[in-house]
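What follows is a single structure, written as structure tokens, with notes after it.
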Amino acid sequence: MASSATTEAATATAIAYDGGLTCALNVTSFDRSIDWYTNILGMKLLYRMDEIAWCELETSVARVTVGLSQVESVPAGGGATLTFGVHDIEAAKASLDAAGVRQDGPIADVPGMVRYLTFYDPDGNALMFYQDMSGAGPA
């Protein structure tokens, strides 16, 4: 059972999630991976941005997408980065800062599309927050 101090700390640093989740995976070939995720898993390509080596696929689960980041090599076992949608990425970052959470640099920005921040859990697993800036996200 959580202590009163733990409950108060969690309330003071509550992060306003928006219900979206992007599961980000590193891949070595967009063409091969897009073909696999669409034809084998039945996902739909939402967009592809070769200039930033990123594409996103829609799943049949509401507000859950799979993001593919094209890289030169993927270590054995791969691994996904859970990327949680938030209403206010600045406030979410402030909560992480207050808790002393290690981050991978400042908030990144893809103008007119998204702002995102990579951070790490106690075991070094990478996680991310994103804020939809396209106007297509939740109100």
Side-chain angles (χ1 to χ4, degrees):
M1 204 161 182
S3 72
S4 177
T6 303
T7 303
E8 288 174 21
T11 301
T13 60
I15 295 167
Y17 293 95
D18 74 3
L21 174 65
T22 299
C23 302
L25 298 167
N26 289 328
V27 300
T28 56
S29 168
F30 269 161
D31 293 331
R32 182 186 68 223
S33 296
I34 290 168
D35 182 64
W36 192 87
Y37 281 91
T38 57
N39 291 318
I40 302 298
L41 297 185
M43 295 181 187
K44 176 184 167 196
L45 181 65
L46 293 172
Y47 62 88
R48 175 179 175 160
M49 298 181 71
D50 289 317
E51 62 275 14
I52 62 170
W54 179 259
C55 72
E56 207 159 326
L57 299 117
E58 180 179 56
T59 71
S60 60
V61 180
R63 310 253 5 262
V64 175
T65 61
V66 171
L68 303 178
S69 179
Q70 186 168 288
V71 296
E72 289 186 24
S73 66
V74 176
T81 302
L82 300 181
T83 308
F84 299 94
V86 296
H87 289 289
D88 183 344
I89 198 160
E90 297 286 346
K93 181 181 186 330
S95 290
L96 296 177
D97 292 343
V101 174
R102 182 170 69 96
Q103 299 165 38
D104 188 25
I107 295 169
D109 185 45
V110 179
M113 184 173 186
V114 69
R115 298 183 76 206
Y116 59 92
L117 175 69
T118 303
F119 60 97
Y120 301 92
D121 77 2
D123 291 307
N125 292 304
L127 302 165
M128 296 176 78
F129 285 142
Y130 75 89
Q131 182 178 351
D132 185 340
M133 305 304 287
S134 71

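Between the OG1 atom in Thr83 and the CG atom in Leu117 there is a gap of 10.5 Å [rounded to 0.5 Å]. Distance check: Thr65 OG1 to Glu56 CD gives 3.5 Å after rounding to the nearest 0.5 Å. Atom CE of Met128 is separated from atom SG of Cys23 by 12.5 Å, given to the nearest 0.5 angstrom.
Atom CD of Glu51 has more than 12 heavy atoms from other residues, nucleotides or ligands within 6.0 Å.
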Which is it for Val86 and Arg115 under the side-chain contact (heavy atoms from CB on, under 4.5 Å) test, yes or no, and what are the steps along the way?
CA-CA 10 Å; Val86 296; Arg115 298 183 76 206; over 6 Å; no

Start with the C-alpha distance between Trp36 and Leu68, add both sets of side-chain angles, then the distance that settles side-chain contact (heavy atoms from CB on, under 4.5 Å), and finish with yes or no.
CA-CA 12 Å; Trp36 192 87; Leu68 303 178; over 6 Å; no

Under the side-chain contact (heavy atoms from CB on, under 4.5 Å) criterion, do Val66 and Leu41 qualify, and how do the steps go?
CA-CA 11 Å; Val66 171; Leu41 297 185; over 6 Å; no

Quick one: do Phe129 and Ile107 satisfy side-chain contact (heavy atoms from CB on, under 4.5 Å)? Show the steps, please.
CA-CA 9 Å; Phe129 285 142; Ile107 295 169; over 6 Å; no

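Judged by distance alone, with hydrogens and angles left aside, the side-chain atoms of Ser33 form no donor-acceptor pair with the main-chain N or O of Phe30 at under 3.5 Å. Judged by distance alone, the side chain of Asp121 and the main-chain N or O of Gly124 form a donor-acceptor pair under 3.5 Å. Side-chain atoms of Gln70 do not come within 3.5 Å of backbone N or O of Val27 as any donor-acceptor pair.
When side chains are defined from C-beta on, Leu127 does not count as touching Tyr120, because their heavy atoms never get closer than 4.5 Å. Here the side chains of Gln103 and Asp97 are in contact, with some heavy-atom distance below 4.5 Å. A 4.5 Å side-chain heavy-atom check between Arg63 and Asp18 finds at least one atom pair inside the cut-off.
When every heavy atom of Met49 is checked against every heavy atom of Met113, the shortest pair comes out as SD-SD, 3.3 Å. Smallest separation of non-hydrogen atoms from Thr22 and Trp54: CG2-CZ2, 4.1 Å. Counting all heavy atoms, side chain and backbone alike, Thr81 lies closest to Ala126 at CG2-O, 3.5 Å. When all heavy atoms of Tyr116 and Val114 are compared, the pair lying nearest together is CD2-CG1, 4.1 Å. Scanning both residues, Ser95 and Ala14, for their nearest heavy atoms gives OG-O, 4.2 Å. The two residues Leu25 and Gly79 come nearest to each other via the heavy atoms CD2-O, 3.6 Å.
Linking Ile, Leu, Val, Met, Phe, Trp and Tyr whenever their side-chain heavy atoms come within less than 4.5 Å leaves Tyr130 and Val61 in two separate clusters. Under the 4.5 Å side-chain contact rule for hydrophobic residues, Ile34 and Ile40 share a cluster. Under the 4.5 Å side-chain contact rule for hydrophobic residues, Leu82 and Ile89 share a cluster. Residues Leu46 and Val64 fall into different hydrophobic clusters, defined by Ile, Leu, Val, Met, Phe, Trp and Tyr side chains chained together at heavy-atom separations under 4.5 Å. Under the 4.5 Å side-chain heavy-atom criterion for grouping Ile, Leu, Val, Met, Phe, Trp and Tyr, Leu21 is connected to Leu96 within one hydrophobic cluster.
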